[in-house]
Amino acid sequence: MKKLPHSFYLRPTLQVARDLLGKYFVRTLNGKRLVGKIVEVEAYCEGDPASHSYRGRTKRNDAMFWNGGHLYVYFTYGMHFCANVVTGPEGKGEAVLIRGVEPIEGMERMIKNRNPRGTGAEMTGNVENEAKGGNGESGKRRRGDLGNLTNGPAKFCQAFGIGREENGVDLLGDEIYIADGGRISASIISTSTRIGINSGKKRKWRFFVKGNGWLSR
DNA sequence: TGGACGATCCCCT
DNA sequence: GGGGATCGTCCAT
């Protein structure tokens, strides 16, 4: 897999957002490689009231203003992390939020990361124990567990072990990077308004692969 | 110094 | 489909 060059991230943010679809997000965690195909993103641009960068540079959003090709990770709702790909030149404050990926490699590790229950030295992560009731009606939930692995910005972060430590990571490094993938034909790329925001509602800056099974919501 | 509010997720109805 | 969990950040006193 070929790592995307720095120039990829320096192009206009909406273009980067669209082109990130189909690319591979690669993270090496404790010697294990985790790979996910990006299938859903949202763009946040300069002058956009919904963007963290809108009200200027602060300690929290500083990485969003860095040179394109870095990771901007923020903490929200008191319990979740979300990861963005910083775009454009230093000082611009634009980024693309990764909202959904399709697991390609290291799925077992992702499942473990998403089930903090196995915190001990316990190796056998019993997914079945997740179902509290254990009734005959829990089949729906089990299927949901897998489908809910990486289909949302915070779920993706949890599955890939992304948190505070990863804020500002250089995507041209070896620990976390994005690699070229198969080309996604324009005909299966859809756009919509962004999710979970109050301002800037009109902008259709959410891009996703139509019909993919790993979309949020 | 305090309070309001999230680029969310999960569980329950 | 709705609400609770949960806490860092920012802005207004």
Side-chain angles (χ1 to χ4, degrees), chain A residues 13-14 16-18 20-21 25 36 38-66 70-88 92-101 103 110-118 127-135 137-168 191-208 214-217:
Chain A
T13 299
L14 293 180
V16 175
R18 183 179 289 263
L20 276 174
L21 295 179
F25 187 97
I38 299 172
V39 298
E40 179 181 346
V41 299
E42 280 178 2
Y44 288 87
C45 299
E46 194 176 36
D48 170 14
S51 173
H52 286 176
S53 62
Y54 185 62
R55 300 190 178 189
R57 197 164 175 166
T58 66
K59 189 176 181 181
R60 180 204 192 197
N61 65 19
D62 195 64
M64 193 171 172
F65 288 85
W66 291 8
H70 286 90
L71 204 62
Y72 164 51
V73 180
Y74 67 87
F75 181 68
T76 191
Y77 289 103
M79 57 182 81
H80 294 303
F81 291 99
C82 294
N84 298 253
V85 174
V86 179
T87 56
K92 195 123 199 273
E94 300 195 345
V96 177
L97 171 71
I98 298 179
R99 290 194 57 90
V101 306
M110 296 180 199
I111 292 173
K112 261 172 100 176
N113 288 343
R114 289 272 289 134
N115 291 288
R117 202 149 309 187
V127 181
E128 290 180 354
N129 286 344
E130 289 301 303
K132 284 182 181 177
N135 297 340
E137 297 181 1
S138 61
K140 192 175 179 181
R141 174 169 302 171
R142 276 198 63 193
R143 212 169 48 174
D145 277 349
L146 259 194
N148 284 330
L149 192 56
T150 52
N151 64 331
K155 298 179 198 175
F156 158 70
C157 280
Q158 193 178 14
F160 278 71
I162 294 172
R164 278 186 192 81
E165 313 264 317
E166 285 69 32
N167 185 34
T191 66
S192 80
T193 57
R194 293 169 294 179
I195 294 174
I197 61 173
N198 295 319
S199 48
K201 274 181 178 172
K202 294 178 183 175
R203 299 172 170 88
K204 291 193 171 181
W205 287 353
R206 171 176 176 249
F207 301 89
F208 59 97
W214 302 88
L215 302 176
S216 65
R217 313 241 269 192

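Numbers restart at 1 for each chain; the letters A, B, ... are given by sequence-line order, proteins then strands.
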Review point. Reading nucleotides 5-10 of chain C from the 5' end, what letters show protein touch, with B for base, S for backbone sugar-phosphate only, - for no heavy atom under 4.0 Å?
Key: BBBSSS
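- The heavy-atom pair separating A/Arg18 from A/Thr191 by the smallest distance is NH2-CG2, 3.9 Å.
- With A/Phe25 as the partner, the side chain to side chain contact (heavy atoms under 4.5 Å, CB included) test is satisfied by one option alone out of A/Leu20, A/Ile162, A/Thr150: A/Ile162.
- A side chain to side chain contact (heavy atoms under 4.5 Å, CB included) with A/Val41 is found for one member of A/Leu97, A/Val16, A/Val96, A/Val101 and no other, namely A/Val96.
- When rounded to the nearest whole Å, the span between CZ of A/Phe208 and P of B/dA7 equals 21 Å.
- In terms of phosphate contacts, A/Asn198 brings a side-chain nitrogen or oxygen within less than 4.0 Å of OP1 or OP2 of B/dG6.
- B/dC5 and C/dG3: their C1' atoms are spaced 16 Å apart (whole Å).
- On the P atoms, C/dG1 is 23 Å away from B/dA7, given to the nearest whole Å.
- In this pair, A/Tyr74 and A/Tyr72 present their aromatic rings tilted. The plane angle is within the 30 to 60° band.
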Revision key, fill the gap. Intra- and inter-strand pairing of DNA chain C, written as dot-bracket with Watson-Crick and G-U pairs under 3.5 Å and | for the latter, reads |||||.||||||.
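- The aromatic ring of A/Tyr44 sits over the base of B/dA7, with ring centres less than 5.5 Å apart and planes tilted by under 30°.
- Between B/dC10 and A/Arg217, no contact under 4.0 Å exists linking OP1 or OP2 to a side-chain N or O.
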